[in-house]
Each structure stands twice: as structure tokens, then as C-alpha cells.
A.B. asks: 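Could you have a look at this structure, given as C-alpha cells, before my questions?
In what follows, chains carry the letters A, B, and so on, assigned in the order in which the sequence lines appear, proteins first and then strands, with residues in each chain numbered from 1.
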Amino acid sequence: MKQIDWSSLVINESGKAVKKFMYVNRHAPHGTIYPLEGLEVVLIGAAFDQDVSMAFIGDGVFQLNKGQDTADSGMKNVALTYGALGDYEVTKLYVEQESLDERGLELNDLMNLTWEDEEENWAEKPSIQVVSRAQLSDLLEQQDVILNF
Amino acid sequence: MAFEINGKTYETDEEGYLANLSDWNTDVAGRMATEDDCDLSENHWEVIKFLRDYYEEYQIAPAVRVLTKAIGKRLGKDKGNSKYLYELFPYGPAKQACKYAGLPKPTGCV
Amino acid sequence: MLHTVNKSPFDSHSLQTCLGLAKAGSDILLIEDAVYAAMSGTAVTSMVESAMSSSTIYALESDLRARGIGSEKMISGINLVGYDGFVELAVTNDKVQSWL
């Protein structure tokens, strides 16, 4: 009989097994529909009580760039919606260091995204974590489901 | 679909949600509520205003559990529960309140 | 000739190909995701800067603003244009090539 590894099993409030979902964002905002579609899937998926994280690599890091203002181009400003991720309990946003470096960006250039920890009297905590390519590679390996946008 | 208040026409989709976000005013909310036989109280307006502010800030209408939690945090624990919100908006707080607030259907609301 | 480029230089070779083929004296207009090429301190900055010695580079202002690229983050010497400037460039050049 096949041996089952129970050590990694996590059960959520409704008694279902929790899977690790990672949404990988690789496209610049505004130029294509990928970032918007991805964000909608994340927000809708957040209702299912899974272990959700987002990764931003390549041009995907531009999605988090500070000061995006679409008023003149007549588009809806999707950048503002990232601010709601904390309310949807999406609190792990991994940004690849190498992608930032190639684009002349640092953590300071990104939006200050936070989530509030209800268990610690709504203490505000940062959602963005800058990780190396090697660390991200390990994180990808740990996922049950990976979706690319 | 559309309705008229004081000679001005307001376009809606087939479910009665306002087509243009910027058309909204309190008369629009009042008219939609009257059609549902709902009298808007201070407590209703508080939620409607909250939703409009949320949309302004994040460009989305929050899902119901997000709304409930955020209301609890900003307006007090006694209001941040589904019983309170469903009593105000029996058709579903996200759906019905978002409609009166002139917002699209909430993201994550099927 | 006016060359317009709309792809991110980190995700596509459109800009590199365009810069390689554009004759000296060309006007090169960065629009949509290509405006990321106007940023200073990136992996493509030196490529853009060397092209500026023979061609004039423009970037569409509203696309920069949408992406949060302020003048402090830009290579100096890149010309900002609005939609009216875009039209002007298209009219004053005898030909337009869009590197889609």
C-alpha cells in the first residue's frame, strides 16, 4: 500500500484539506489583460480558504510600482486594487530580487501593501517580501497548484 | 433597462445595477430601495457610504465576508456580523447594498 | 522615419530590433509597455542611451503616468509627448513603422 505523508496535511475551518496555491504574475500592468485577470482570480479564489500566495517575477514586478495613475489614459486604475488583497487575507506577496535589479527598482519603489492581523489587535504587517530567485524556486517547489498570469 | 428621476434617465443592466458609476446620487439609491419595498435608515446609509468609499479606494466592491470584517473593524463589532447586515439587506448585503450604492456586482460574488 | 514601439524591452526584442535597424536621425516613440525603456538604472538603459546619440527618443506621457514612471525615474534627454505630440510626429515624418 502506498505510504501517505500526513505531516503536511492542513485542515481549514470547514474541515477541508488546505492546498497551497501560488499565483505567478509575469506581465507588466496596463499593456495586457493578464494582470487584471490574475487579480480577479485571486480575489474570487480567496473565498475558498486555501493557503494563497502571489509571486511577482519579470515584468510582473511593475504591477506593484508606486504612483500608477491611469486617469489620463482613460483606463480603470487596477493598481489600487492590490491594496485590498490584505482584506481578502492574501498576505504573502513574493517579489523576486533579480527582477527588481534588472528594472532598476528596489522595495522602496513598490506600493506599501499591508495586512492587518486580527489576532494581534489588527496590527499592520507588510505583505511584500523580496526573495531571491533561489528562494522563489524553493517556494514554487512547495506548492500544490501554480497558476500563471 | 433604465429608470427616470426628475427627468433624468439612469441606465441599468438587466439585474438593475447602475450602468455608469458616476451617475449615482442618493435619489438613485432611494429609488432602488423603494422598488424593493425597503426603507433606507441611517444604518443602511452607513453601509452604502462605506461601500462607495471602499470602491473609491480599491476600485472593487468587496466580497461579503470582506465587507463584514471591514464593517466590524470600522463601525464596531455589533455591526460586523452577517446577522446585522442581512437584516438590513435581506437580499444579501453585498448584492443589495452594492446595487443601492451604484457599484457593480461584488468581485467574488457569483 | 517614425518608429513606434509598444512592447516592454524586458519581455520582447522589439525595441532592440528597432534600434538596430533605425537609421540615424529617426524619431523613436515609446508607447504602452515600451515606456519602461525610458527608465534609468535598468538593464536596458545603456542600450537606449547609446541610441539617443543618433536618434531622438520620445515617450508618451499618459503611458508613463499610468505605470508610475515619474521624471525622477527617467533617463534625461527623453522627450515627453502627449497624444497631440504623437499625431504631430506621425504627420511630420514621411513614414511610420509600428514595431508591434
A.B. asks: Should the pair A:Lys92-A:Asp51 be classified as a salt bridge under the 4.0 Å nitrogen-to-oxygen rule?
C.D. replies: yes
A.B. asks: Indicate the ring-plane relationship of B:His44 and B:Phe89, choosing parallel, tilted or perpendicular according to the 30° and 60° boundaries.
C.D. replies: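 Rings of B:His44 and B:Phe89: perpendicular, over 60°.
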A.B. asks: Between B:Lys79 and B:Glu46, is the closest basic N to carboxylate O distance under 4.0 Å?
C.D. replies: yes
A.B. asks: Could you tell me whether A:Lys125 and A:Glu116 make a salt bridge, using a distance below 4.0 angstrom between a side-chain N and a carboxylate O?
C.D. replies: no
A.B. asks: Is it the side chain or the backbone of A:Ala46 that comes within 4.5 Å of chain B heavy atoms, both, or neither?
C.D. replies: both
A.B. asks: Which of residues 6-36 of chain B get closer than 4.5 angstrom to chain A, counting heavy atoms alone?
C.D. replies: none
A.B. asks: Decide whether A:Gln97 and A:Asp101 meet the rule of one side-chain donor and one side-chain acceptor closer than 3.5 Å.
C.D. replies: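 Yes.
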A.B. asks: Restricting to non-hydrogen atoms, name the atom on B:Pro90 and the atom on B:Gln96 that form the minimum distance, rounded to 0.1 Å.
C.D. replies: N-OE1, 3.2 Å
